[in-house]
Amino acid sequence: MCGIIGLVGRRAVNQAIYDGLTVLQHRGQDAAGIMTCDESKVYLRKENGLVRDVFRTRDMMNLKGNMGIGHVRYPTAGSSSSALAQPFYVNSPFGIALAHNGNLTNTQALKEDLFREDLRHINTSSDSEVLLNVFAHELQRNKSRRVDKEDIFDTISRVHRRCRGGYAVVLLIIGHGVVAFRDPYGIRPLVIGRRTTEVGDEFMVASESVALDVIGFQRLRDVAPGEAVFIDVEGNLHTRQCAENPQYRPCLFEYVYFARPDSFIDGISVYKARLRMGEVLGEKILESWPDHDIDVVIPIPDTSRTSALQLATRIGVDYREGFIKNRYIARTFIMPGQQQRKRSVRQKLNAIDLEFRKKNVLLVDDSIVRGTTSQQIIQMARDVGARRVYFASAAPPVRYPNVYGIDMPSVEELIAHNRTEAEIAAEIGADRIFFQDLDDLIRAVLHKKVKEINGFESSVFDGQYVTADITPEYLEQLDASRNDHAKSQLSDGSIIDLHNHHA
């Protein structure tokens with residue numbers, strides 16, 4: 001999962017993009033990059049590391065111009081090299097830079113077409129570079145010395161016809177403006193904002209609305225599935241639907257785990273969605289176990305707090321903070337290698353024994369992926385004196401791989417794959433386990449947005465892929481590139497990841 005920003009302002013945009021990327025840091029901690037444009041010149045800074053570490057004062061001073069794009073990415077198999085930091089750039093036509101959140105599912109076919117038919121060479125394993133070259137080739141077909149909005153929108157229509165998968169994209173075209181578009185299913189999020197200044201309006205697109213909030217932009221609306229946005233150099237906003245048959249199917253896991261609670265995605269408050277997740281999960285617990293003996297509800301920080309608080313209220317049990325988190329440890333399910341994940345959990349959390357001693361504890365997490373973290377946390381609770389340890393997940397069991405930009409583990413490493421709920425409880429050491437039902441999760445997130453949204457991309461829970469192009473062979477290749485053995489061979493970043501599940 002990655003975070004992207006595109007901005008055309010009336011003044012220098014370097015600080016605004018930096019601030020926006022800082023609040024999107026949860027979407028990726030591996031690398032960061034910004035490219036700005038000052039008339040006909042572009043300025044680029046990108047490197048592995050957190051936003052605060054990549055951009056020093058001298059770097060910020062060099063990022064000149066009133067339009068630019070930014071990107072944060074997270075580490076995955078085969079992608080530790082700083083060569084894969086974004087934005088990517090091609091000099092023809094005009095000079096185009098791209099930042100991308102998502103994953104193309106037909107990368108290999110596109111790469112072959114680009115080389116054989118379009119005469120373009122791809123230098124990295126990144127599908128973002130492929131996407132950039134597809135756009136550049138389609139734009140070049142216009143054979144014009146200067147492009148207008150019609151050329152831009154026609155180009156994106158052709159990109160949609162060639163590309164498959166989930167993607168949200170921002171592009172910087174030198175001398176023309178910033179372009180953004182979203183895949184025809186709206187799998188990956190993208191929102192538009194506006195800020196009014198004394199010299200005119202400024203427009204911005206970003207992965208989450210929180211990036212708009214922090215720099216004073218008003219959230220206008222989400223970019224629709226298949227829609228394209230063009231903010232020209234004069235600061236005018238142009239939009240058009242560029243997909244032939246768009247459907248609204250945003251990623252359900254954004255609401256469960258990735259997005260910040262203070263964001264709105266596709267018009268839905270992530271915070272309120274998580275409150276409702278806790279409410280309906282509490283209802284399920286009361287229905288299935290009305291005479292429960294739970295003494296206290298404790299969240300596993302941070303994303304489960306909202307759901308856990310509402311769950312505790314619903315079942316009439318005290319809510320307590322039982323774990324203190326070290327905020328300088330990365331999220332564990334995307335760490336390469338089981339041993340590294342095991343070490344990191346103990347470094348990340350420490351239990352407050354007073355909240356556990358001689359109590360029957362219900363631990364609440366947003367989801368269970370590998371189960372490594374859950375198993376260790378349950379053992380930590382027992383080590384500090386918990387009598388019984390129950391476990392609740394605000395999401396259903398994660399049983400299938402994601403192909404649209406979330407670097408889930410190999411399917412064989414998903415603890416819920418081919419296991420019953422009782423078997424999962426035994427595997428992680430819980431006395432009892434509760435999972436959210438998928439229908440209840442959808443009900444909690446969708447709420448009153450029935451008319452606007454056709455459904456959700458929920459493949460990690462149900463194995464149904466909305467693009468309908470995912471074959472068993474594709475999943476086998478995907479699995480081979482994601483298992484821990486493959487990742488253990490990638491410590492130097494030298495092995496190519498065929499699908500680059502980077503964003």
Worksheet item: If we only count heavy atoms from C-beta on, is the Leu212 to Gln218 side-chain gap below 4.5 Å?
Response: no

Worksheet item: Shortest non-hydrogen contact from Pro87 to Leu44?
Response: CD-CD1, 3.9 Å

Practice prompt. Kindly say whether Tyr18 contributes a backbone atom to a donor-acceptor pair with the side chain of Thr22 at under 3.5 angstrom?
Written response: yes

Discussion item. Salt bridge check, Arg27 against Glu254: does any charged N sit closer than 4.0 Å to a carboxylate O?
Written reply: yes

Worksheet item: Are side-chain heavy atoms of Thr36 and Val13 found at a separation under 4.5 Å?
Response: yes

Discussion item. Can a donor-acceptor pair be found, under 3.5 Å and without considering hydrogens, that links the side chain of Gln108 to the backbone of Lys111?
Written reply: no

Discussion item. So which atom in Ile5 and which in Ala211 form the shortest heavy-atom distance, rounded to 0.1 Å?
Written reply: CD1-CB, 4.4 Å

Worksheet item: Looking at side-chain heavy atoms only, is the closest gap between Asp262 and Asp213 below 4.5 Å?
Response: no

Fill in: From His417 atom NE2 to Glu413 atom CD, the distance as rounded to the nearest 0.5 Å
11.5 Å

Discussion item. Side chains of Ile324 and Leu349, heavy atoms from C-beta outward: is any pair under 4.5 Å?
Written reply: no

Worksheet entry | Residue pair Ile368, Val398: steps toward the side chain to side chain contact (heavy atoms under 4.5 Å, CB included) verdict | CA-CA 7 Å; Ile368 305 176; Val398 175; over 6 Å; no

Item to complete: Could you tell me how the ring of Phe135 sits relative to the ring of Phe181: parallel (under 30°), tilted (30 to 60°) or perpendicular (over 60°)?
Response: parallel

Worksheet item: Between Glu279 and Leu311, is there a donor-acceptor pair closer than 3.5 Å when you use the side chain of the first and the backbone of the second?
Response: no

Worksheet item: Would a distance-only check, ignoring hydrogens and angles, find a side-chain to backbone donor-acceptor pair under 3.5 Å from Gln247 to Tyr185?
Response: no

Discussion item. Show the nearest heavy-atom pair for residues Phe461 and Pro397, with the distance to one decimal.
Written reply: CD2-O, 3.5 Å

Discussion item. Is it the case that over 12 heavy atoms from other parts of the model lie below 6.0 angstrom from the NZ atom of Lys272?
Written reply: no

Discussion item. For Tyr319, give me all partners under side-chain hydrogen bond (donor to acceptor under 3.5 Å, both in side chains), at least two apart in sequence or on another chain.
Written reply: Glu321

Worksheet item: Between the side chains of His26 and Glu208, is a donor N or O closer than 3.5 angstrom to an acceptor N or O?
Response: yes

Worksheet item: Does the side chain of Leu414 reach to within under 4.5 Å of the side chain of Arg399, using non-hydrogen atoms?
Response: no

Practice prompt. To the nearest 0.5 Å, tell me how far His71 NE2 sits from Leu24 CG.
Written response: 10.5 Å

Discussion item. Donor-acceptor pair, distance only, cut-off 3.5 Å: does the side chain of Asp127 make one with the backbone of Thr107?
Written reply: no

Item to complete: Output the distance between atom CG (Leu131) and atom CD1 (Ile122), rounded to the nearest 0.5 Å.
Response: 10.0 Å

Fill in: Side-chain donor/acceptor of Glu129 to backbone N/O of Asn123, under 3.5 Å
yes

Discussion item. Looking at Glu427, is its backbone amide N or carbonyl O close enough to the side chain of Gln375 to form a donor-acceptor pair, meaning the two atoms are under 3.5 Å apart?
Written reply: yes

Worksheet item: Roughly how far, to the nearest 0.5 Å, is the CZ atom of Phe435 from the CG atom of Asp440?
Response: 14.5 Å

Worksheet entry | Atom pair CG (Leu132) and CG (Leu171), whose distance is rounded to the nearest 0.5 Å | 7.0 Å

Discussion item. Less than 3.5 Å apart, any donor N or O on the side chain of Arg120 or Asn133 sitting next to an acceptor on the other?
Written reply: yes

Worksheet item: For the side chain of Gln310 and the backbone of Gly278, is there at least one donor-acceptor N/O pair under 3.5 Å apart?
Response: no

Worksheet item: Of all heavy-atom pairs between Ser207 and Ile4, which one has the smallest distance, and what is that distance?
Response: OG-N, 2.9 Å

Item to complete: May I have all residue pairs that pass salt bridge (charged side-chain N to carboxylate O under 4.0 Å, His left out) and include part of residues 156-165, sequence neighbours excluded?
Response: Asp118-Arg162, Glu138-Arg158, Glu138-Arg162, Arg161-Glu244

Worksheet item: Going by heavy atoms in the side chains, are Val229 and Val170 under 4.5 Å from each other?
Response: no

Worksheet item: Run the side chain to side chain contact (heavy atoms under 4.5 Å, CB included) check on Ile433 and Tyr390 step by step: do they pass?
Response: CA-CA 6 Å; Ile433 199 165; Tyr390 310 120; over 6 Å; no

Item to complete: Look only at the side chain of Arg221 and the backbone of Ile192, and say whether a donor-acceptor pair between them is shorter than 3.5 Å.
Response: no

Item to complete: Answer yes or no: is there a side-chain heavy-atom contact under 4.5 Å between Tyr404 and Tyr465?
Response: yes

Fill in: Closest non-hydrogen atom pair, Pro299 against Ala308
CB-CB, 3.7 Å

Worksheet item: Judged by modelled atom types alone, do Glu457 and Ser459 share a side-chain donor-acceptor pair under 3.5 Å?
Response: yes

Practice prompt. Would you mind checking if Arg188 and Asp183 are paired as a salt bridge, meaning a charged N to carboxylate O distance below 4.0 Å?
Written response: no

Worksheet item: Is a side-chain donor-acceptor pair under 3.5 Å present for Ser304 with Asp366?
Response: no

Discussion item. Return the CG to CG distance between Asn103 and Asp407, rounded to the nearest 0.5 Å.
Written reply: 9.0 Å

Discussion item. Please determine whether side chain to side chain contact (heavy atoms under 4.5 Å, CB included) holds for the pair Val445 and Met277, giving the CA-CA distance in whole Å, both sets of side-chain angles, and the decisive distance to 0.1 Å.
Written reply: CA-CA 8 Å; Val445 175; Met277 289 177 207; 3.8 Å; yes

Practice prompt. Step by step, work out the side chain to side chain contact (heavy atoms under 4.5 Å, CB included) result for Tyr167 and Cys163.
Written response: CA-CA 9 Å; Tyr167 49 89; Cys163 295; 4.2 Å; yes

Worksheet item: Which heavy atom of Leu190 sits nearest a heavy atom of Val169, and at what distance?
Response: CD2-O, 4.3 Å

Worksheet item: For Val411, does its backbone N or O pair with a side-chain atom of Asp479 as donor and acceptor, under 3.5 Å?
Response: yes

Worksheet item: Is any NZ, NE, NH1 or NH2 atom of the basic residue among Asp302 and Lys325 found under 4.0 Å from an Asp or Glu carboxylate oxygen of the other?
Response: yes

Worksheet item: Hey, does the Lys NZ or Arg CZ of Arg219 hover above the aromatic six-ring of Phe264, less than 6.0 Å from the centre and inside 45° of the axis?
Response: yes

Discussion item. What I want to find out is whether Arg182 reaches Asp266 closely enough, with some N-O distance under 4.0 Å, to be called a salt bridge.
Written reply: yes

Fill in: Modelled atom types, side-chain donor and acceptor of Glu227 and Gln241, under 3.5 Å
no

Worksheet item: Does a donor on one side chain sit under 3.5 Å from an acceptor on the other, for Thr105 and Asp469?
Response: yes

Worksheet item: Is there side-chain contact between Ile265 and Ile268, with heavy atoms separated by less than 4.5 Å?
Response: no

